[in-house]
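Notes follow once the structure below has been shown.
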Number of protein chains: 2
Amino acid sequence: MKLKEFAKQLGLSPTTVSRALSGYPEVSEITRARVAEEAVRLGYRPNVNAVRLKTGRAGAIGVVMGRAGEFHFAEFMAGMAERLVPEDTDILVIPMADPDDDKEMELYRRLVESQRVDAIIMHSPRPDDARIALLHALGMPFLVHGRSDIDVPHAWLDIDNEGAVRRATAHLLDLGHTRIAMINGRPGATYALHRETGYRSALVSRGIAADPGLIASGNFTDELGFRFARAFLERSDPPTAIVAGSMMSALGVYRAVRSLGLQVGVDVSVIAHDDVFPYLSADNMAPSLSATRSSMRAAGTRCADLALQLIRGVSPLEIQEVWPVELILRESTGPVRR
Amino acid sequence: MKLKEFAKQLGLSPTTVSRALSGYPEVSEITRARVAEEAVRLGYRPNVNAVRLKTGRAGAIGVVMGRAGEFHFAEFMAGMAERLVPEDTDILVIPMADPDDDKEMELYRRLVESQRVDAIIMHSPRPDDARIALLHALGMPFLVHGRSDIDVPHAWLDIDNEGAVRRATAHLLDLGHTRIAMINGRPGATYALHRETGYRSALVSRGIAADPGLIASGNFTDELGFRFARAFLERSDPPTAIVAGSMMSALGVYRAVRSLGLQVGVDVSVIAHDDVFPYLSADNMAPSLSATRSSMRAAGTRCADLALQLIRGVSPLEIQEVWPVELILRESTGPVRR
DNA sequence: GCATGAATTGAAAACGATTTGGCTAACGAG
DNA sequence: CTCGTTAGCCAAATCGTTTTCAATTCATGC
């Protein structure tokens, strides 16, 4: 059923029907009602591609996905959907190429030129992220989930990674721990830097020098959590507490602690960052995991919302949001054992 | 840069340029080369929306996403991307509505009519899944990841859930276990039924009656894994082995076993299904987890491939694939303890 | 030297909507 | 009774491609 045909059935012109459906003011309320009603009855729906061609709007928001199958991603997208479904806006997944490669840049360029999306949401930027510069130069509305120091205006939403880790570390210090290890994310991303800054600043404020041997970086996997924690704990001067970057890392850390016959929360205190997953909760771990917490799903919803605002013309400069992070103390942290 | 303008720069007609770029045979090799080269140099790219309108092809495949943020999803999509990126086909995420609701049906209807996707990939169908009937009726190419008994032709790719669980259960029986519990997925989905069938048939073949009290169903979460396993093990006649539906369930089961002072692989044997995640591996659990294994990522890649075939006109009837599932024995399974 | 067919190329008509710029009728005001 | 204004509607142009149909060129065989 096309507009022309539908209009004929109604005894109206395509113009009027189009206007009625798009809510323009110059059509009488009574006609509008009739058109709307008949559209439902006859099942008329404007052809998206025609609308897109004519208006230049894509009706879709692109979200960049890492190729490693990050477990955060589904949760973030589910959050996006919450906001975007009622808006009738599509979610387009943009698989990342190698970020260091020129291909990645080429990919964005093509994406923008092809007008398949009205805005882009990207994750885990680096302090000097060429993608941001490019998207800005191309004039594509985009929202950064995370932050960048790059000298280009960009909208962003981030959590207070630095503050979160600082508080977590400070809490461990309060408990008497002085040798505190840290398992961070892949080096390069701003969030990893911020976390390290938070960690260091907490130590410094107590006059403790950070031991480079107690800092490790890598993907947020159970395996690396285990390997790093084992390596820390097998040192001659092992840490008494570990700050881990994710729930998966924490699983590995727990395992490492246990594997050495030690007890989490007693011999070794553990704090991790929890993005709040429906399938794995810090509360349910044994012992329950003290964690810095921030909902990935909520971030997805809000990012989608902000992207919509960008599309509607809000200036990127007005969109800069830092979310506070909760610190939830549970059983995995305890006073240092002498 | 539009086609018209680009063509003029080349001193050719839009027709020829279009043909050259789309690889039609009636344009000379030399012109084609020139056009291709200049297109890169001048940065001409056809407007996707115009192409879509004209050709009726959307250049995108839709994939249905549950709203619960299933952890499998990112992995599956990463797999899809592997196949779809080189094909220059977009991935559109279709958030699911309530499947029992009419809204879900309405959603598909609109999706199809709006011509936003050329094919749809859906997951976890039920034996009698109205969505399949609808998509078939609407004439939309679609691929089912999983299976359905519905009497409507549909293309599908599934793993051998029944065989996997049968073998897993049989292996436990071989080890002398006779009281074997099972933690299944949400009731209703075909895969859950198949798994239960596999479980029951293994028991029956040894003349053992399935105890309904040893079968539980629910989302694949750590929490439910724990709760179900606890409930099982606290019975007066506890099972000596547990078959779990996912890695997350297995985490919960491990926790439950430990919480009762029991030992996985010694007091209680555990087998789970492993979709192979980069961030959590059965091999690394402690004790390492015996598992039925099938790569979710590979499934995503293959599903994307099959969807492309459907688009190219291959009959759904020719696309029916069952993947065998590996059974990998590790430390979490051992002979029954008397 | 000419008809024939193959090899290339173009002009123009779609695709299905939105939107600009009229047009008509009705209503008050003068 | 006319004129200006407004509400409501419509015709036609447009978005940027693809594709049908027709035209042109060119070599080939006679």
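In what follows, chains are A, B, ... by sequence order, proteins preceding strands, each numbered from 1.
- Open room surrounds CZ on B:Arg57; 12 or fewer heavy atoms of other groups in view lie less than 6.0 Å from it.
- Taking 4.0 Å as the cutoff to heavy atoms of chain B, we find the contact window on DNA chain D bounded by D:dG16 to D:dC21.
- Side-chain atoms of B:Arg52 do not come within 3.5 Å of backbone N or O of A:Asn49 as any donor-acceptor pair.
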Quick tally for nucleotides 8-18 of chain C: nucleotides whose base has a protein heavy atom under 4.0 Å get B, sugar-phosphate-only ones S, the rest -, giving BBBBB-BBBSB
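- For B:Ile30, the CD1 atom sits in a loose shell: 12 or fewer heavy atoms of surrounding residues, nucleotides or ligands are nearer than 6.0 Å.
- Tested against A:Val152 for a side chain to side chain contact (heavy atoms under 4.5 Å, CB included), the candidates A:Ile132, A:Leu135, A:Asp129 yield a single pass: A:Ile132.
- Of all heavy-atom pairs spanning B:Ala68 and A:Glu75, the tightest one is O-OE1, 4.0 Å.
- A:Glu5 pairs by the salt bridge (charged side-chain N to carboxylate O under 4.0 Å, His left out) definition with nothing, not counting sequence neighbours.
- Not one N or O on the side chain of B:Ser114 forms a donor-acceptor pair closer than 3.5 Å with the backbone of A:Val48.
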